[in-house]
**Q** 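Following this message is one structure expressed as structure tokens.
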Amino acid sequence: MKKKLIAGNWKMNGSLAANQALMQELLAGLGAPGCEVAVCAPAVYLAQLQELLKGSALLAGAQDVSAHAAGAFTGEISAPMLRDFDVRFAIVGHSERRQYHNETDATVAAKAQQALAAGITPIVCVGETLQEREDDKTEEVVKRQLAAVIHANGHCISEIVVAYEPVWAIGTGKTASPEQAQQVHAVLRKQLKAASASADRIRILYGGSMNAANAATLLAQPDIDGGLIGGASLKAPDFLTIIAAAA
Ligand code: PGA
């Protein structure tokens with residue numbers, strides 16, 4: 001059986017001092033986790049994370065990666081650069097990047113491709129806005145977003161992680177109900193199965209106000225293979241509770 005994955009997304013939060021304190025508390029309480037655990041830190045702190053995580057069961061992740069391999073792309077960070085800091089995961093296509101940085105499905109697919117080429121697992125985010133849900137377009141939107149990544153990556157698709165993050169649930173305290181989430185996860189699973197014979201090993205995470213109180217019921221759904229955790233990943237006790245729920 002595939003191990004669940006709990007990935008923290010710190011977003012644009014933290015400082016050298018705050019990261020050190022958070023990681024100390026987290027590592028002290030972690031023990032031998034029964035699932036895979038990662039934290040996705042702002043890029044400038046990946047070197048610090050690499051030091052802090054040495055010898056631990058925790059894996060490092062980035063929050064974004066360039067769609068290009070190298071060259072004249074000022075401000076961008078390539079997948080091979082992330083590899084230099086033992087980065088194992090890179091979030092791609094987070095709704096905040098799609099929304100505030102105009103990332104298209106094609107850009108997200110290219111980013112996933114760059115990550116895979118460097119041996120980094122892309123955590124491909126898909127999800128509908130509140131308007132799209134109200135217009136009954138949830139399936140159409142998430143399938144379109146995932147299809148772009150499938151088409152660009154062919155058989156390598158079995159190496160990705162997918163995160164279903166309904167935009168209306170991110171940072172709002174409004175979680176999708178376990179049934180709502182499972183319904184979309186099942187749609188994504190079916191789409192992955194049609195694309196790859198190894199789709200069963202692809203983990204589909206839920207993200208959007210997952211917290212210490214609701215994690216267990218969400219993670220109990222048959223197609224929810226983990227979580228992408230924003231706010232609650234900044235509080236060690238909460239994040240540890242979610243990790244325990246996934247074990
Ligand atoms: P949240 O964020 O847990 O704070 O809702 C999740 C995410 O955006 O990945």
Side-chain angles (χ1 to χ4, degrees), residues 4-14 18-19 22 26 35-43 45-46 49 58-65 87-103 108 111-112 115 120-130 132-133 138 141-142 145-146 149 160-178 180-181 184-185 188 203-219 221 224-246:
K4 285 190 164 53
L5 169 64
I6 298 296
N9 174 10
W10 291 358
K11 309 197 179 187
M12 200 171 73
N13 293 294
N19 303 345
L22 174 61
L26 203 54
C35 63
E36 249 186 348
V37 185
V39 287
C40 301
Y45 295 126
L46 290 171
L49 208 57
L58 234 145
L59 303 168
Q63 298 174 10
D64 186 30
V65 62
V87 167
R88 303 279 299 278
F89 296 95
I91 298 172
V92 299
H94 190 281
S95 64
E96 286 149 18
R97 302 232 29 116
R98 292 181 192 261
Q99 192 182 342
Y100 308 138
H101 301 271
N102 302 316
E103 289 191 8
V108 175
K111 289 184 169 198
I120 292 171
T121 302
I123 301 177
V124 177
C125 299
V126 302
E128 81 288 3
T129 62
L130 184 59
E132 287 162 342
R133 175 161 281 266
T138 299
V141 170
V142 298
Q145 291 172 332
L146 184 57
V149 176
I160 73 169
V161 167
V162 177
Y164 169 54
E165 297 208 309
V167 179
W168 48 271
I170 295 175
T172 57
K174 271 190 223 155
T175 319
S177 70
Q180 278 175 326
V184 178
H185 280 233
L188 297 170
R203 287 173 294 190
I204 309 178
L205 316 182
Y206 169 79
S209 300
M210 193 189 264
N211 57 41
N214 63 25
T217 27
L218 284 160
L219 292 167
Q221 299 301 310
I224 300 187
D225 308 313
L228 184 54
I229 324 293
S233 73
L234 296 170
K235 298 175 212 135
D238 293 29
F239 197 51
L240 287 168
T241 302
I242 298 170
I243 293 165

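Just follow the structure's listing: the first ligand is 1, and inside any ligand the first atom is 1.
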**Q** Non-hydrogen atoms of Ser95 versus ligand 1: any pair closer than 4.0 Å?
**A**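 Under 4.0 Å: no for Ser95.
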
**Q** A side-chain contact here means heavy atoms from C-beta on lying under 4.5 Å apart; do Leu219 and Met210 qualify?
**A**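 When only atoms from C-beta onward are counted, Met210 and Leu219 do touch, with a gap below 4.5 Å.
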
**Q** Only heavy atoms of Gly208, strictly under 4.0 Å: list the atoms of ligand 1 that pass.
**A**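 Per the distance check, 5 (O).
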
**Q** Do Asp238 and Asn211 make a side-chain contact, defined as non-hydrogen atoms from C-beta onward lying under 4.5 Å apart?
**A**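 No, every pair of side-chain atoms sits at 4.5 Å or beyond.
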
**Q** For ligand 1, is any non-hydrogen atom under 4.0 Å from Ser233's backbone (N, CA, C, O), its side chain (CB onward), both, or neither?
**A**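 Under 4.0 Å from ligand 1, Ser233 contributes no heavy atoms.
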
**Q** Using a 4.0 Å heavy-atom cut-off, which part of Ile170 comes near ligand 1: side chain, backbone, both, or neither?
**A**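 For Ile170, backbone and side-chain atoms both sit under 4.0 Å from ligand 1.
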
**Q** Looking only at atom types and distance, does a side-chain atom of Arg97 sit under 3.5 Å from a main-chain N or O of Val108, one as donor and one as acceptor?
**A**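 The answer is no, because no donor-acceptor pair under 3.5 Å joins these two groups.
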
**Q** What is the nearest protein non-hydrogen atom to atom 4 (O) of ligand 1, stated with its residue, atom name and distance?
**A**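 Protein heavy atom at minimum distance: Gly231 N, 2.9 Å.
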
**Q** For atom CZ of Arg88, decide whether the heavy atoms of other residues, nucleotides or ligands shown that lie under 6.0 angstrom number more than 12.
**A**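 For Arg88, atom CZ is not crowded (no more than 12 foreign heavy atoms under 6.0 Å).
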
**Q** Can you find a heavy atom in the side chain of Glu96 that is under 4.5 Å from one in the side chain of Ile170?
**A**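 When only atoms from C-beta onward are counted, Ile170 and Glu96 do touch, with a gap below 4.5 Å.
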
**Q** Taking the six-membered ring for Trp, are Tyr164 and His185 parallel (under 30°), tilted (30 to 60°) or perpendicular (over 60°)?
**A**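 Answer is perpendicular, since the angle exceeds 60°.
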
**Q** Cut-off 3.5 Å, side chains only: do His94 and Glu165 have a donor facing an acceptor?
**A**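 Note: His94 and Glu165 side chains meet the donor-acceptor criterion.
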
**Q** Geometry only, no angles: is Glu165 polar-contacting ligand 1 at N/O separations under 3.5 Å?
**A**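 Min N/O separation from ligand 1 is below 3.5 Å for Glu165.
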
**Q** What is the nearest protein non-hydrogen atom to atom 3 (O) of ligand 1, stated with its residue, atom name and distance?
**A**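 Looking at atom 3 (O) of ligand 1, the protein heavy atom closest to it is Gly230 N, 2.8 Å.
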
**Q** Within the structure, is a non-hydrogen atom of Ser209 found at a distance of less than 4.0 Å from ligand 1?
**A**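 Yes, that is the case, since the closest heavy atom of the residue is under 4.0 Å from the ligand.
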
**Q** Number the atoms of ligand 1 from 1 as they appear, then name those within less than 4.0 Å of a heavy atom of Ala169, with their elements.
**A**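 Answer for ligand 1: 5 (O).
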
**Q** Could you tell me which atoms of ligand 1, counted from 1 in the order shown, lie closer than 4.0 angstrom to a heavy atom of Gly171?
**A**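 Counting from 1, the qualifying ligand atoms are 1 (P), 4 (O), 5 (O).
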
**Q** Going by distance only, is there an N or O of Gly207 that falls short of 3.5 Å from an N or O of ligand 1?
**A**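 Looking only at distances, the answer is no, because the N/O contact criterion of under 3.5 Å is not met.
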
**Q** Does a side-chain heavy-atom distance below 4.5 Å link Ile120 with Val65?
**A**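 No, their side chains stay 4.5 Å or more apart.
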
**Q** Can you name the atoms of ligand 1, numbered from 1 with element, that are less than 4.0 Å from a heavy atom of Lys11?
**A**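 Contacts of ligand 1 toward Lys11, numbered from 1: 2 (O), 7 (C), 8 (O).
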
**Q** Enumerate the atoms of ligand 1 whose separation from the nearest heavy atom of Leu228 is less than 4.0 angstrom.
**A**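 Answer, ordered by atom number: 6 (C), 9 (O).
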
**Q** Any non-hydrogen side-chain atom of Leu49 less than 4.5 Å from a side-chain atom of Asn19?
**A**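 No, side chains not in contact.
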
**Q** What's the spacing between Asp64 CG and Cys40 SG if we round to 0.5 Å?
**A**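 Answer rounded to 0.5 Å: 11.0 Å.
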
**Q** Against ligand 1, does Ala232 come closer than 4.0 Å with any heavy atom?
**A**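 In this structure, Ala232 fails to qualify as a contact of ligand 1 - no heavy atom is under 4.0 Å.
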
**Q** Please list, in number order, the atoms of ligand 1 under 4.0 Å from a heavy atom of His94.
**A**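 Taking each heavy atom of His94 in turn, ligand 1 has 7 (C), 8 (O), 9 (O) under 4.0 Å.
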
